[in-house]
Each structure stands twice: as structure tokens, then as C-alpha cells.
Amino acid sequence: QVSLVESGGGLVQAGGSLRLSCAASGRTFGSYAVGWFRQAPGKEREFVAAINRSGGTAYYADSVKGRFTISRDNVKNTVVLQMNDLKREDTAVYYCAAGLSVGVLVHTTEADYWGQGTQVTVSS
């Protein structure tokens with residue numbers, strides 16, 4: 001069983017930065033692949049970034065590549081999404097998810113656990 005809690009969202013101007021954190025409970029957090037997803041109003045939830053169990057491999061959606069960085073600390077049970085050069089189109093609720101049965105979590109259907117989400121709003 002894993003519980004995920006996101007934090008760090010907020011309102012930022014275009015071009016600014018935010019750092020989202022996902023804090024996980026559970027002794028087996030290192031056994032889970034973790035991904036960040038986002039959902040804008042009226043749109044489906046979409047993949048943003050993912051990191052494998054060890055933290056050695058990361059994947060990004062094309063829309064955020066070069067601007068966002070995902071990392072994890074399996075001792076502190078946290079996953080961080082550093083978001084730089086934010087754009088208005090990055091506005092969404094951001095969710096952290098964990099999956100046990102996949103090496104990299106890039107599809108919503110592969111997630112076993114979800115956090116409650118944190119709102120990111122980018123103004124022009």
C-alpha cells in the first residue's frame with residue numbers, strides 16, 4: 001500500500017519556475033515506478049514525466065522536454081518535478097502516480113496509486 005501526497009503547486013508567471021514534490025508513505029516505495037501526469041479543464045489526464053525504480057532513467061512528454069526534470073529519493077520517499085520556463089499551456093492539476101507492475105509509468109492505466117493533485121496556474 002502506498003499513499004501519495006503532492007505539494008508545491010501555485011500561481012506563477014510565464015517563464016517562471018515551480019518545484020512539485022510527491023511524498024510517499026510505505027516501506028516499499030522503491031519498488032514502484034513513478035510518474036507525473038496533468039489534467040487541464042476539459043481535457044484528459046496526460047503524461048508529463050516518469051522515472052524508474054532506481055531513479056536512473058527518466059522519460060518526458062515532448063511538450064515538457066528540456067524544461068522539466070524529474071528525480072526521486074528512495075530514502076526520503078519523495079519524487080520531485082522541477083518545472084522551469086513555464087508556459088500558459090502548462091496550467092493544470094498535476095498528479096503523482098505510482099505503479100508496481102511497470103518499469104516506467106507513462107500511461108494512466110498502469111498506475112496503482114494516485115495522489116490528490118496540486119494546481120499549477122501559469123499566467124501571462
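The heavy-atom pair separating Trp36 from Cys22 by the smallest distance is CZ2-CB, 3.6 Å. Minimum interatomic distance between Ala111 and Ala97 (heavy atoms only, all atoms of both residues): CB-CB, 3.8 Å.
One distance of note links OG of Ser123 with CG of Leu11; it measures 5.0 Å at 0.5 Å rounding. Rounding to the nearest 0.5 Å gives a distance of 8.0 Å between CG of Leu81 and OG1 of Thr69. In this structure, Asn84 CG and Arg67 CZ are separated by 9.0 Å, a value rounded to the nearest 0.5 Å.
Side-chain heavy atoms closer than 4.5 Å link hydrophobic residues (I, L, V, M, F, W, Y) into clusters, and following such links, possibly through other members, connects Leu86 to Val64. At a threshold of 4.5 Å between side-chain heavy atoms, the hydrophobic network of Ile, Leu, Val, Met, Phe, Trp and Tyr places Met83 and Phe47 in two separate groups.
Side chain of Arg53 to main chain of Ser31: a donor-acceptor pair is present (N/O by atom type, distance under 3.5 Å, no hydrogens or angles). Between the side chain of Thr118 and the backbone N or O of Gly9 there is at least one donor-acceptor pair closer than 3.5 Å.
Here salt bridge (Lys or Arg N to Asp or Glu O under 4.0 Å) pairs that include residues 4-14, with residues two or more places apart or in two chains, number zero. Identified under the ring-ring contact (aromatic ring centres under 6.0 Å, His included) test for residues 55-98, with sequence neighbours left out: none.
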Verify side-chain contact (heavy atoms from CB on, under 4.5 Å) between Tyr32 and Tyr113, making sure each step is shown before the conclusion. CA-CA 10 Å; Tyr32 290 80; Tyr113 301 101; 3.6 Å; yes
Could you check Ser17 against Gln82 for side-chain contact (heavy atoms from CB on, under 4.5 Å), going step by step and ending with a plain yes or no? CA-CA 8 Å; Ser17 299; Gln82 177 66 43; 4.0 Å; yes
Let me see the working for Asp73 and Thr78 under side-chain hydrogen bond (donor to acceptor under 3.5 Å, both in side chains), right down to the final yes or no. CA-CA 5 Å; Asp73 185 330; Thr78 58; 5.1 Å; no
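Partners of Arg38 according to the salt bridge (Lys or Arg N to Asp or Glu O under 4.0 Å) rule, which considers only residues two or more places apart in sequence or in another chain, are Glu46, Asp90. Listed by chain and residue number, nothing satisfies the ring-ring contact (aromatic ring centres under 6.0 Å, His included) test with Phe29 (two or more places apart in sequence, or in another chain). Lys43 is linked by a salt bridge (Lys or Arg N to Asp or Glu O under 4.0 Å) to nothing, counting only residues two or more places apart in sequence or in another chain.
Within the 4.5 Å cutoff, no side-chain heavy atoms of Gln13 are placed close to those of Val122. Within the 4.5 Å cutoff, side-chain heavy atoms of Ile70 are placed close to those of Val79. Residues Val34 and Arg72 are in side-chain contact: their nearest non-hydrogen atoms beyond the backbone lie under 4.5 Å apart. Residues Asn77 and Ser25 have side chains not in contact (no heavy-atom distance under 4.5 Å, counting atoms from C-beta outward). Considering only heavy atoms from C-beta on, Leu18 comes within 4.5 Å of Val120 through its side chain.
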Would you give me the side-chain donor-acceptor pairs under 3.5 Å for residues 101-110, sequence neighbours excluded?
residue: Glu110; atom: OE1; partner: Val106; partner atom: N; Å: 3.4
residue: Glu110; atom: OE1; partner: His107; partner atom: N; Å: 3.3

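The neighbour count for Glu44 CD, taken as heavy atoms of other residues, nucleotides or ligands under 6.0 Å away, does not exceed 12.
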